[in-house]
Protein chains: 2
Amino acid sequence: MRDFNRKLKIVLIDDNANHLRGIKELITLESCYEVAGATTSANLGINLVKKHHPDIVLMDINMPEKDGLQAIQAISKLNLSTKIVVLSGYDDSELIYRAMKLGARGYVLKTMASVKLINAIEEVSMGKIYLPAALSTRFFEFFQASSREEEKMLGSENLLNSLTSREVEVLELLTEGINYKSIAGKLIISETTVKTHVNNIFQKLQVNDRTNAVLYALTHGFKQKGAGAGSKSAMMSV
Amino acid sequence: MRDFNRKLKIVLIDDNANHLRGIKELITLESCYEVAGATTSANLGINLVKKHHPDIVLMDINMPEKDGLQAIQAISKLNLSTKIVVLSGYDDSELIYRAMKLGARGYVLKTMASVKLINAIEEVSMGKIYLPAALSTRFFEFFQASSREEEKMLGSENLLNSLTSREVEVLELLTEGINYKSIAGKLIISETTVKTHVNNIFQKLQVNDRTNAVLYALTHGFKQKGAGAGSKSAMMSV
DNA sequence: AATTTTCTAAATCTTTTGGTTTAGATAACT
DNA sequence: AGTTATCTAAACCAAAAGATTTAGAAAATT
């Protein structure tokens with residue numbers, strides 16, 4: 001439970017000055033909240049957050065312009081305990097997805113009753129996520145659709161399956177950007193053997209050089225090892 | 001609203017035979033449901049789904065074994081209108097995340113009242129997502145944490161920013177696995193000029209060959225063009 | 001027992017890449 | 001006006017990579 005002896009500090013960002021005034025009024029009606037700042041500019045908003053370290057940011061986002069999303073990202077990156085509640089006119093599944101992905105902790109539609117907004121602020125300030133069922137469903141529409149896309153990319157008839165286990169080992173090292181000599185050293189075989197394997201890999205993957213072999217591997221779900229040029233985007237296997 | 005003149009066909013999968021019996025009893029108590037099949041084996045469960053095309057699959061998943069998650073994936077891939085509701089003993093954030101990612105449409109804890117399960121079935125059968133607030137919060141813990149990981153990988157002080165615009169163009173073509181001659185052709189400059197650019201790129205990215213330059217580019221959020229070896233995992237920019 | 005696959009290795013030759021230096025032409029900035 | 005950054009280009013050399021052929025040994029399959 002949150003500390004009710006202290007007022008929640010809130011910063012408001014909404015590019016529509018009228019909305020901004022309305023929300024400010026609504027918030028100040030509640031005695032347990034304190035509006036630390038309010039602005040119509042995303043950039044000024046970020047500065048307000050930097051200055052005041054509010055508990056909550058109420059952030060308006062609209063579909064076409066992407067200032068709102070960028071502001072969410074910028075605020076998230078500050079690593080404050082500030083929690084972001086999105087206030088949007090749109091229940092577009094991609095917009096909800098992106099906002100949540102970038103670190104929003106709550107999402108409220110402008111068409112919702114104002115009591116919902118208060119609910120959201122309360123829930124989020126206590127560390128929960130506020131995403132009403134209908135919006136949650138929209139979120140998952142996009143989330144699951146893009147997951148399926150990813151799967152399709154990765155899964156689908158995969159030339160990688162035709163590789164022998166030794167070839168897989170060699171390809172793993174290739175995807176770390178290592179040359180023949182080092183690969184030979186690591187696998188304790190001769191350099192010419194490595195070349196033989198690599199040529200076989202090229203044929204099986206239907207490419208003619210390392211770069212394309214590596215690109216094929218990476219775009220088809222080939223697991224990268226932790227080392228080398230930095231490990232890839234998670235892509236966790238089931 | 002769903003068609004209440006027709007019973008919802010449900011398939012049950014739970015590796016614990018006792019649980020399975022209990023759930024079956026609970027479900028059959030409701031006159032509007034019909035248990036089309038029940039099994040303790042994930043694989044048999046998938047076959048039941050293939051045979052009966054149920055409206056709902058109630059799927060038990062446990063943390064250590066990953067049959068449950070794989071079964072969810074397998075059923076999702078069938079592209080039926082079958083909706084999966086997970087019944088789990090764990091509210092582990094990663095487990096919830098993975099289940100939903102792989103296509104589950106509802107997630108109910110075994111500790112929840114049985115009426116919640118009925119709720120879930122109803123909501124999900126009507127096309128909604130059923131993820132109670134507490135579980136939604138857990139889900140987003142993992143979702144946002146892995147998004148931040150991704151960001152960290154991509155964002156962080158990026159040598160790519162030191163590239164000139166021409167070098168960026170060249171690197172783009174490198175990441176498509178194209179050789180000097182073709183790059184020269186595409187940019188309508190001589191091959192030696194391309195080499196000069198590439199060498200400058202190598203120095204700026206602190207690598208000594210194409211493969212590592214490409215790997216650096218890909219693991220640091222370099223946008224890939226649609227062509228070539230297949231475009232990458234979405235990685236949508238804000 | 002015979003055949004196929006996989007892993008190993010070498011030889012040879014061509015092509016591509018990478019490293020380095022030098023340099024002219026613009027464009028931009030001080 | 002002078003300096004710096006960028007894009008262009010060539011020459012030259014060394015190293016690495018790629019293509020192709022041949023071949024032995026062990027393991028797996030038929």
Side-chain angles (χ1 to χ4, degrees), chain A residues 157-220 222 224-225 227-229, chain B residues 157-220 222 224-225 227-229:
Chain A
E157 282 325 319
N158 205 322
L159 299 176
L160 293 173
N161 296 327
S162 62
L163 300 181
T164 68
S165 61
R166 198 54 158 171
E167 284 161 359
V168 168
E169 288 184 82
V170 173
L171 182 54
E172 272 169 7
L173 295 172
L174 276 187
T175 60
E176 290 175 29
I178 304 177
N179 65 12
Y180 288 145
K181 199 176 308 201
S182 307
I183 293 178
K186 295 212 176 203
L187 298 183
I188 320 185
I189 52 181
S190 89
E191 205 176 323
T192 57
T193 305
V194 176
K195 284 179 152 195
T196 308
H197 285 311
V198 169
N199 271 295
N200 291 332
I201 292 170
F202 287 173
Q203 293 203 344
K204 291 185 179 178
L205 301 189
Q206 297 162 26
V207 299
N208 342 278
D209 57 70
R210 304 157 102 50
T211 309
N212 282 293
V214 168
L215 285 173
Y216 185 94
L218 296 186
T219 51
H220 289 77
F222 199 72
Q224 242 178 324
K225 290 294 172 59
Chain B
E157 282 324 318
N158 205 321
L159 299 175
L160 292 173
N161 296 327
S162 62
L163 300 181
T164 68
S165 62
R166 198 55 160 173
E167 284 161 359
V168 168
E169 288 184 82
V170 173
L171 182 54
E172 273 169 5
L173 295 172
L174 276 188
T175 61
E176 290 175 27
I178 304 178
N179 64 12
Y180 289 145
K181 199 176 304 201
S182 306
I183 294 178
K186 296 212 176 200
L187 298 182
I188 320 183
I189 52 180
S190 89
E191 205 176 322
T192 57
T193 304
V194 176
K195 285 177 146 195
T196 308
H197 285 312
V198 169
N199 271 295
N200 291 332
I201 292 170
F202 287 172
Q203 293 204 344
K204 290 186 179 178
L205 302 189
Q206 296 162 26
V207 299
N208 345 276
D209 57 71
R210 304 152 109 35
T211 309
N212 282 293
V214 169
L215 285 173
Y216 186 94
L218 296 185
T219 51
H220 289 75
F222 201 72
Q224 246 178 320
K225 291 292 172 62

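What you see below is based on every heavy atom in this structure, not just the backbone, and it leaves out hydrogens, waters and symmetry mates. Each chain gets a letter, A, B and so on, in the order its sequence line appears, and its residues count up from 1.
At least one side-chain heavy atom of I189(B) sits under 4.5 Å from a side-chain heavy atom of R166(B).
With rounding to whole Å, N212(B) atom CG is found 14 Å from dT17(C) atom C1'. L187(B) places its CG atom 11 Å from the P atom of dC7(D), with the value rounded to the nearest Å. Between the P atom of dG18(C) and the CD1 atom of I201(B) lies a distance of 11 Å, rounded to the nearest Å. Atom-to-atom, CD1 of I183(B) to C1' of dT8(D) comes out at 16 Å; the value is rounded to the nearest Å. Atom C1' of nucleotide dA9(D) and atom CD1 of I188(B) are separated by 16 Å, given to the nearest angstrom.
Between the side chains of N199(A) and T196(A), no donor-acceptor pair is found at a separation under 3.5 Å.
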Within the sub-3.5 Å range, which N or O atoms of nucleotides 3-7 of chain C have a protein N or O partner, and how far apart are they?
from	atom 1	to	atom 2	distance (Å)
dC7(C)	OP1	S165(A)	OG	3.4
dC7(C)	OP1	R166(A)	N	3.2
dC7(C)	OP2	T164(A)	OG1	2.3

Any protein N or O atoms within reach of nucleotides 17-24 of chain D? Criterion: under 3.5 Å, listing atom names and distances.
from	atom 1	to	atom 2	distance (Å)
dA17(D)	OP1	R210(A)	NH2	3.3
dA17(D)	OP2	Y180(A)	N	3.2
dG18(D)	OP1	R210(A)	N	2.8
dG18(D)	OP2	Y180(A)	OH	2.8
dG18(D)	O6	K195(A)	NZ	3.1
dA19(D)	OP2	N199(A)	OD1	3.2

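Within a 6.0 Å sphere centred on NZ of K186(A), heavy atoms belonging to other residues, nucleotides or ligands number 12 at most.
At least one donor-acceptor pair under 3.5 Å links the side chain of R210(B) to the backbone N or O of I178(B). With Y216(B) contributing its side chain and L159(B) its backbone, the two residues share a donor-acceptor pair below 3.5 Å.
For T192(B) and dA10(D), the shortest distance from a side-chain N or O to OP1 or OP2 is below 4.0 Å.
Taking every heavy atom of both residues into account, E167(B) and L163(B) meet most closely at OE1-CA, 3.4 Å. Of all the heavy atoms in L215(A) and E176(B), the pair that sits closest is CD1-C, 3.8 Å. The two residues V194(B) and Y180(B) come nearest to each other via the heavy atoms CG1-CD2, 3.7 Å.
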